[in-house]
Number of protein chains: 2
Amino acid sequence: MTVSKTAEKSSEKPADAAKGRKDAGEPQAEALQLGELSEQLGYVLKRAQLKVFENFLRCMASLQLTPAQFSVLLLVEKNPGRNQTEIASTLGILRPNFVAMLDNLESRDLCARIRSTNDRRSHILVLTDKGKAVLARAKKLVASKHEARLNDLLGQANREALIEMLSKIANDF
Amino acid sequence: MTVSKTAEKSSEKPADAAKGRKDAGEPQAEALQLGELSEQLGYVLKRAQLKVFENFLRCMASLQLTPAQFSVLLLVEKNPGRNQTEIASTLGILRPNFVAMLDNLESRDLCARIRSTNDRRSHILVLTDKGKAVLARAKKLVASKHEARLNDLLGQANREALIEMLSKIANDF
DNA sequence: CGATATTTGATATGGTCCATAACAATTATC
DNA sequence: GATAATTGTTATGGACCATATCAAATATCG
């Protein structure tokens, strides 16, 4: 729907246009009514997604991994020996856009392209040792800082239910 | 995380790299393992969001309303007499980016900017009659095609629980 | 009052992400 | 062996997001 992206110091805190005060004395125009907006699935879904990505980036600040990069590393680790097309399309990334992404990861020595001997057109993707180490650390950060936060907020059971519902939407909607 | 956006004919169906066949006879490289990815909140959240927006755009094809535009109309209707800054910031839209958006809606005669007499700097936003009519039709389409679909998929109770959890994430994460 | 700061809408601009077309090299198909 | 299809790549354009800056109007404060 809307809402900013980068986080850090998002100067446009949504749903909080009139400063975050606890009802100071000043006149201060009343807050706007969200109305039906707050029950619009797309609206709340987008906002939640931005918040989650924000938090993810903060958690990963030390490793400098974006959600997309993390997903690539995870998928390559789980499916070593696959080529760019396979990894990219599984993640919904278009091949042309995957090139720069891999250039980045490869320049940081996190993964490597290897010319396949079977099909000399394709590049087999593998994690480097450094890539495996970084991914391992990333997983720990995600578990301890990211998922833990969600468990605090919703509780373990609800968190699992949420992910299941989102998966259902992602797959069957 | 990744995943495409526009819908229509998204040529890169995620998590389905090897065509959507029901197990044809051909050799066909085995599907990749998603592994931990399928339980990553951010991943599934982003995918669900894209699917929902996709569906929203299809439902609104006849009215040519994007989720963002719909949210603006909803908010202006609920809060008439507010200026651009207030509407934009409530939605998390940066003022500079809100200008073109309003230009669009205004050129289609869905809403109007009115110079405020109190503060001649600001533009009061109002829905035109056509804007109200379009919004009313939009709401019906959302209810009958969009939300109904979600109810079929999750059930009324789960749908409400989902939105509540997402709101919590959007607000308190 | 009058100088200065702030606010509002707007423009210009750059970055990121997403999508399409086109290409060379390689492989598959007929 | 000619033609078609695939792989990685480049180039390019669009959509969205963010920052700096500006003029006009208003607020603030000496």
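Scope of the values below: all heavy atoms of this structure, side chains included, with no hydrogens, waters or symmetry mates. Not measured: the values here are computed from a predicted model. Sequence lines set the chain letters: A, B, ... in the order given, protein chains first and strands last, and positions in each chain run from 1.
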**OP:** Please list, chain by chain and in numerical order, all residues satisfying side-chain hydrogen bond (donor to acceptor under 3.5 Å, both in side chains) with B:R120, sequence neighbours excluded.
**Re:** none
Between [atom2] on [N] and [atom1] on [X], what's the gap in Å once rounded to a whole number?
X	N	atom1	atom2	answer
B:F98	D:dA15	CZ	P	18 Å
A:M101	D:dG8	CE	C1'	16 Å
B:I124	C:dT8	CD1	C1'	11 Å
A:F53	D:dC16	CZ	P	17 Å
B:Q49	C:dC17	CD	P	15 Å
B:L94	D:dA15	CG	P	19 Å
A:R82	D:dT7	CZ	P	12 Å
B:L91	D:dC16	CG	C1'	15 Å

Polar atoms only, N or O, under 3.5 Å: list the protein pairs with nucleotides 24-28 of chain C and their distances.
{"unit_1": "C:dT26", "atom_1": "OP1", "unit_2": "A:R120", "atom_2": "NH2", "d": "3.3"}
{"unit_1": "C:dT26", "atom_1": "O2", "unit_2": "A:R121", "atom_2": "NH1", "d": "3.3"}
{"unit_1": "C:dT27", "atom_1": "OP1", "unit_2": "A:R120", "atom_2": "N", "d": "2.9"}

Between [Y] and [X], is there a side-chain donor-acceptor contact under 3.5 Å, judged purely by atom types and distance?
X	Y	result
A:N79	B:Q33	no
B:E160	B:Q156	yes
B:R95	B:Q84	no

Are there any protein N/O atoms within less than 3.5 Å of an N/O atom in nucleotides 9-13 of chain D, and if so, which ones and at what distance?
{"unit_1": "D:dT9", "atom_1": "OP1", "unit_2": "A:R113", "atom_2": "NH1", "d": "3.2"}
{"unit_1": "D:dT9", "atom_1": "OP2", "unit_2": "A:Q84", "atom_2": "OE1", "d": "3.0"}
{"unit_1": "D:dT9", "atom_1": "OP2", "unit_2": "A:Q84", "atom_2": "NE2", "d": "3.0"}
{"unit_1": "D:dT9", "atom_1": "OP2", "unit_2": "A:R113", "atom_2": "NH1", "d": "2.6"}

**OP:** Give the cluster check for A:I87 versus A:I124: same hydrophobic cluster or not, with ILVMFWY residues linked at side-chain heavy-atom distances below 4.5 Å.
**Re:** no
Original post:
Is any side-chain heavy atom of B:K140 closer than 4.5 Å to a side-chain heavy atom of B:R137?
Top reply: no
Original post:
Considering only heavy atoms from C-beta outward, does the side chain of A:V72 approach that of A:L125 to under 4.5 Å?
Top reply: no
**OP:** May I ask you to check whether B:F70 and A:Y43 place their ring centres under 6.0 Å from each other?
**Re:** no
**OP:** Could you tell me whether the phosphate oxygens of C:dG9, OP1 or OP2, come under 4.0 Å of any side-chain nitrogen or oxygen in B:T85?
**Re:** yes
Original post:
Just how far is it from atom CG of B:D119 to atom CG of B:N83, taken to the nearest 0.5 Å?
Top reply: 8.0 Å
